[in-house]
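Inspection log for the structure reproduced underneath, given as C-alpha cells.
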Amino acid sequence: MGMLDGKVAIVTGAGGGIGREIALAMALAGAKVVVNDIGASLTGIGETSATPGEQTKAIIEQRGGQAVTNTDSVSEWESAKRIVQSALDAFGRIDIVVNNAGILRDQIFHKMTPEEWLAVINVHLNGSFFVSRAAAEHFRAQNSGAFVHMTSTSGLIGNFGQANYSAAKLGIAALSKSIALDMQRFGVRSNCIAPFAWSRMTSSIPAETPEQKARVEKLKRMTPEKNAPLAVFLASDAAKEVNGQIFAARNNELFLFSQPRPVRSAHRSEGWTPELIAEHALPAFRAQFQPLDRSGDVFSWDPV
Ligand code: NAI
C-alpha cells in the first residue's frame, strides 16, 4: 500500500527540478499524477516546450505509475482552471495540489522593472492562487484535499536582489495559512515547504575562488529529490493533523518554521507621541530587533 493510493495529484512545474522529483515520488506512493509544466526558461522568457513534462510522465510510466501531462500556464485564471480540469478528465477527481512552478528575475531593488516584478508575482503568487482556487471548489464538494505550496527562505528570511521573488514567496505563506483557516471546516489542509536544492534556480551561485568551488560542491549534494518525502507526507492522510504549517527540507535535514508573533509590547496609559516612542518604545524594543539577515546567515552551516 502506498501512502497516496487512490489519490490524484497535480504538480505544477513538474518538468524538472524539485517538481519532477515530487511528481515521481507521489506516483511511487500510488498517486495518479498530472504533470503540469510549460517548459519555460529559468526567467520565463522565450520558447516553451512540452518535452520536460513528457519526460517526467515517461519516467513515471516506466516505473509502473500513471500520469498525464498538461502544458497550461499557472499564471492565468482560465489556463489554471484547465490544469485542474485535466485531472478530472484523466482521472475523475483531484485530491492534491502542489504549487511548485516558478521563475526567477533577480534584480537589485532600485533597478527592478515593473515587468520583472509582475512576471515573478504572476507565476508564483497569482499562479498559486489560481490553481488553488480552481481546485478548492472540488475539495469543498468532496470534503477533503491537500495543498502543498513551495515557499522560500528568500521570502521567510530574506535575500539580496529578490524583492519580487521574496514578496511572492512570503505571500504564498500567507495564502497557505488563509486557505488552511478558510477550508479546515471542509477537511482541507494547506502547508508550505521551503525547499533547498541544487537546481537551475541555484546554479548561478558563483564558483570562482577555491572556497566558492568547495562550497558549491557541498551545495550540489542538496539534490532536488530530498524535498520529495516531505511533500508526499504532507499530501497524505498521515498528515491529517498538520495544517497551516511551514517546513523546510535541506538535504537530510527537516525544519519546522516559526511564524510571526509579537515579541515585545510597550504600553503607556496616556497613549503615544512620536517623541515618546523614541524615548520609551525604541529602547524597549531594540534588543528584540531582527538583524538584516539573509537566508545564508541563518542557514550558516553546510547541508548535512
Ligand atoms: P526549476 O526552474 O528547475 O523548475 C521550475 C519549473 O516551473 C520549470 O520546469 C518551469 O518550466 C516551470 N514553470 C515556469 N513557469 C511556469 C508556468 N507559468 N506554468 C507552469 N509551469 C511553469 O526550479 P526548482 O529549483 O525546481 O524550483 C521549484 C520550486 O521551488 C519553485 O517554486 C522555487 O521557487 C522553489 N524553491 C526552490 C529552491 C531551490 O533551492 N531550488 C529554493 C527555494 C524555493
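Numbering of ligands and ligand atoms starts at 1, following listing order. The basis for the numbers below is simple: all heavy atoms, side chains too, and nothing from hydrogens, waters or symmetry mates.
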Near [X], which atoms of ligand 1 are under 4.0 Å from a heavy atom of that residue?
| X | result |
| --- | --- |
| F196 | 40 (O) |
| A40 | 11 (O), 14 (C) |
| I103 | 14 (C), 15 (N) |
| G39 | 11 (O) |
| S73 | 17 (C), 18 (N), 19 (N) |

Quiz item: With distance as the sole criterion, is a donor-acceptor pair present between the side chains of T223 and E225 under 3.5 Å?
Solution: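 E225 and T223 do have a side-chain donor-acceptor pair below 3.5 Å.
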
Practice problem: Using only heavy-atom distances, determine whether the side chains of S166 and N159 contain a donor-acceptor pair under 3.5 Å. | Solution: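 The criterion, which ignores hydrogens and geometry beyond distance, is not satisfied for N159 and S166.
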
Has [X] got any heavy atom lying under 4.0 angstrom from an atom of ligand 1?
| X | answer |
| --- | --- |
| P52 | no |
| K169 | yes |
| H124 | yes |
| T151 | yes |
| G44 | no |

Which residue owns the protein heavy atom closest to [atom], what's the atom, and how far is it?
| atom | value |
| --- | --- |
| atom 5 (C) of ligand 1 | G102 O, 3.7 Å |
| atom 30 (O) of ligand 1 | P195 CG, 3.6 Å |
| atom 10 (C) of ligand 1 | D37 OD1, 3.4 Å |
| atom 34 (O) of ligand 1 | Y165 OH, 2.5 Å |
| atom 25 (O) of ligand 1 | S199 OG, 2.5 Å |
| atom 37 (C) of ligand 1 | I18 CD1, 3.7 Å |
| atom 19 (N) of ligand 1 | V74 N, 3.1 Å |
| atom 28 (C) of ligand 1 | N100 OD1, 3.1 Å |

Quiz item: With only distance considered, is V123 within less than 3.5 Å of ligand 1 through an N or O on each side?
Solution: no

Quiz item: Does S152, backbone or side chain, put an N or O under 3.5 Å from an N or O of ligand 1?
Solution: no

With heavy-atom distances below 4.5 Å as the criterion, would you say the side chains of [X] and [Y] are in contact?
| X | Y | value |
| --- | --- | --- |
| T153 | V298 | no |
| I83 | F130 | no |
| N191 | V148 | no |

Applying a strict under-4.5 Å side-chain criterion to I, L, V, M, F, W and Y, I'd like to know whether [X] and [Y] cluster together.
| X | Y | value |
| --- | --- | --- |
| V242 | I193 | yes |
| L256 | L234 | yes |
| L254 | M3 | yes |
| I45 | L118 | no |

Quiz item: atom 40 (O) of ligand 1: which of A197, S75, S41 has the nearest heavy atom?
Solution: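 Nearest heavy atom to atom 40 (O) of ligand 1 lies in A197.
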
Self-check item: Heavy-atom nearest neighbour of atom 16 (C) of ligand 1 within options I172, N122, V131, I38
Solution: I38

Quiz item: Pick from D72, N36, D89, T71: which one makes a side-chain hydrogen bond (donor to acceptor under 3.5 Å, both in side chains) with R82?
Solution: D72

Quiz item: So among S190, S132, S176, which one has a side-chain hydrogen bond (donor to acceptor under 3.5 Å, both in side chains) with N99?
Solution: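 Looking at S190, S132, S176, the match for N99 under the side-chain hydrogen bond (donor to acceptor under 3.5 Å, both in side chains) is S132.
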
Practice problem: Test F196 against every option in F299, F255, F247 by the ring pair (Phe, Tyr, Trp, His ring centres under 6.0 Å) rule and name the one that passes. | Solution: F299

Exercise. Please indicate whether Q288 has more than 12 foreign heavy atoms, meaning atoms of other residues, nucleotides or ligands, lying under 6.0 Å from its CD.
Key: yes

